[in-house]
Protein chains: 2
Amino acid sequence: MSDTNTLSHEICGILRDEILLQRYRSGERFPSERDLASRFDASRGAVREALSQLDQMGLIRSQPGGARIQSIDSASIAILGPLMVLNEFPDAELVDQFLQTFAALTSLSIKGAIEKADEAQLIQMTKMVVEMSRYANDFETMQPRMSLFHELISNITDNLVVRLIGNDLKAQFVEGMMQSGIKPMMNELSLEGFFKKLEISISKKDGAMAADAFDQHFEELRRATKLAIQTREQELSLKTA
Amino acid sequence: MSDTNTLSHEICGILRDEILLQRYRSGERFPSERDLASRFDASRGAVREALSQLDQMGLIRSQPGGARIQSIDSASIAILGPLMVLNEFPDAELVDQFLQTFAALTSLSIKGAIEKADEAQLIQMTKMVVEMSRYANDFETMQPRMSLFHELISNITDNLVVRLIGNDLKAQFVEGMMQSGIKPMMNELSLEGFFKKLEISISKKDGAMAADAFDQHFEELRRATKLAIQTREQELSLKTA
DNA sequence: CCGACCAAATTGGTCAGACCAAATATTAGC
DNA sequence: GCTAATATTTGGTCTGACCAATTTGGTCGG
């Protein structure tokens, strides 16, 4: 969020990961502020701020008599990025859940955008899709253009709820993937098919068709990402042996 | 989240609402901790905690030299509930966006649940749908059962990303609606049709059909909620005149 | 042995004052 | 008017203190 070099953020990160690693049981009392201040050789004020952050993430519940560990189910989505990269390589299942959720939200957005777009916007959308399709064989050059396309869609749809979720999830997801060096290799033919279908659906103003195109696109992305993670795991296993 | 009767939470809530009411421009410097401590007749420690909360919501960016106001686009979904009830009656557009987002996430969940459910779970789902359909004419009795159904779906699908989003959004949405006393009146025939279609889709293990049933259900809920808000607005207008 | 009750200890919530690093505002010089 | 130096402001953190709320441990009675 902001100046995350502060002591309280550092303490929060360490405690967050301990909680996510299940070092504490749900309902258990968390160490006291005074104990944590001693453990981290910090002031109680810095520890209080760290605990307030954990509280706001839903990981603990602060109350007089001592904070309690909360169930992960009541946590905020802010924990998903850290949860994804808790171990040596990303949690493949959680990564897949991210992608499924992106797909669902994108489906909603593209339908809304095609419904709401004026002629100029539809033309712009088509232009961007054509531009992107030139890079079906170059994922890294295509990706920033895809992001711009998503932004355009989001602006046309103008659904704040979806935007805030999408921004938050994407930031965490992208950071986690970069951190672990996972790069999915998309199938070129699949990508070309996607762009073609998307272009047609826009010209026909067929939101359902566009949504279907994106669904297929995300299925391919899920496949490619799963493969990339497996490959990475195997590399790491060979390295250890 | 937790003990929200604390001074820091109170201060945070007041400042959050001022920000959401656009009392400050994006990029502008926020009042200093010392000024805010004076304004609220509180210690700097309590103010610091409040600002840390605002920072974590993405509403401000704390840094030496003074915190800066951030664009709403970078905020966390935790602001959506408060944003919804900023004024006398809920923001109808935002309420609708909530419902659209619930629909998209539910669609994903029901498809996943039908795909993953074993026989016992399918039977349980069917039972719950039949139980619910008995209350098609009594929204308030039906609603808790619908919540349980959603929980079952969520448990079967087991997508943590969707669960955390759903839990957070739902908590904020329900609180906002209760606070404003808005109660949508669902069309009984529509509800009955929904339950029937849902029951059939489960027995056929047809996830797409179930998703379609929920889409239609949410369309009806959107219509009913929009009407309820309009009715409320008109009541309040008459009251003022 | 178990449950109820009470006192002591522990814990969170907040305060005031101090100090240092980083950013901002002001002033002086060209 | 522009730039650099200086002063001021601001955030980040610390220490020690106090009060309200919760937890713990001990005692007593059934």
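In this text the structure is predicted, and so the values were computed from the model without any measurement. Residue numbering restarts at 1 for every chain, and letters A, B, ... go by the order of the sequence lines.
- In this structure, the ring pair (Phe, Tyr, Trp, His ring centres under 6.0 Å) partners of Phe30(A), at least two apart in sequence or on a different chain, are Tyr24(A).
- One atom, CD1 of Ile60(B), and another, C1' of dG11(D), lie 11 Å apart when rounded to the nearest Å.
- No more than 12 heavy atoms of other residues, nucleotides or ligands sit less than 6.0 Å from atom CD of Glu175(A).
- If you measure from atom CG of Asn5(B) to atom P of dT22(D), you get 11 Å, rounded to the nearest angstrom.
- For the OP1/OP2 pair of dT24(C) and a distance below 4.0 Å, the side-chain nitrogens and oxygens of Arg68(B) include at least one atom meeting the criterion.
- Legend: residues meeting side chain to side chain donor-acceptor pair (under 3.5 Å) with Ser147(A), ordered by chain and number and at least two apart, are Lys170(A).
- Distance CD (Gln63(B)) to C1' (dT24(C)): 11 Å, rounded to an integer number of Å.
- We find that CZ of Arg61(A) is positioned 16 Å from P of dA21(D), with the value rounded to whole Å.
- A sub-4.0 Å separation between OP1 or OP2 of dG12(C) and a side-chain N or O of Arg48(A) is absent.
- Among residue pairs with one or both ends in residues 160-182 of chain B, those qualifying as ring pair (Phe, Tyr, Trp, His ring centres under 6.0 Å) are Phe98(B)-Phe173(B), Phe102(B)-Phe173(B); sequence neighbours excluded.
- Evaluation of the side chain to side chain donor-acceptor pair (under 3.5 Å) rule for Arg134(B) yields Glu131(B) as partners, not counting sequence neighbours.
- Summarising the geometry, the separation between CD on Glu49(B) and P on dT14(C) is reported as 7 Å, rounded to the nearest angstrom.
- The ring pair (Phe, Tyr, Trp, His ring centres under 6.0 Å) search around Phe218(B) returns none, not counting sequence neighbours.
- Listed by residue number, the members of residues 29-46 of chain A with any heavy atom below 4.0 angstrom from DNA chain C are Ser32(A), Glu33(A), Arg34(A), Arg44(A).
- When the P atom of dT10(D) is taken as reference, atom CG of Leu51(B) falls 13 Å away, rounded to whole Å.
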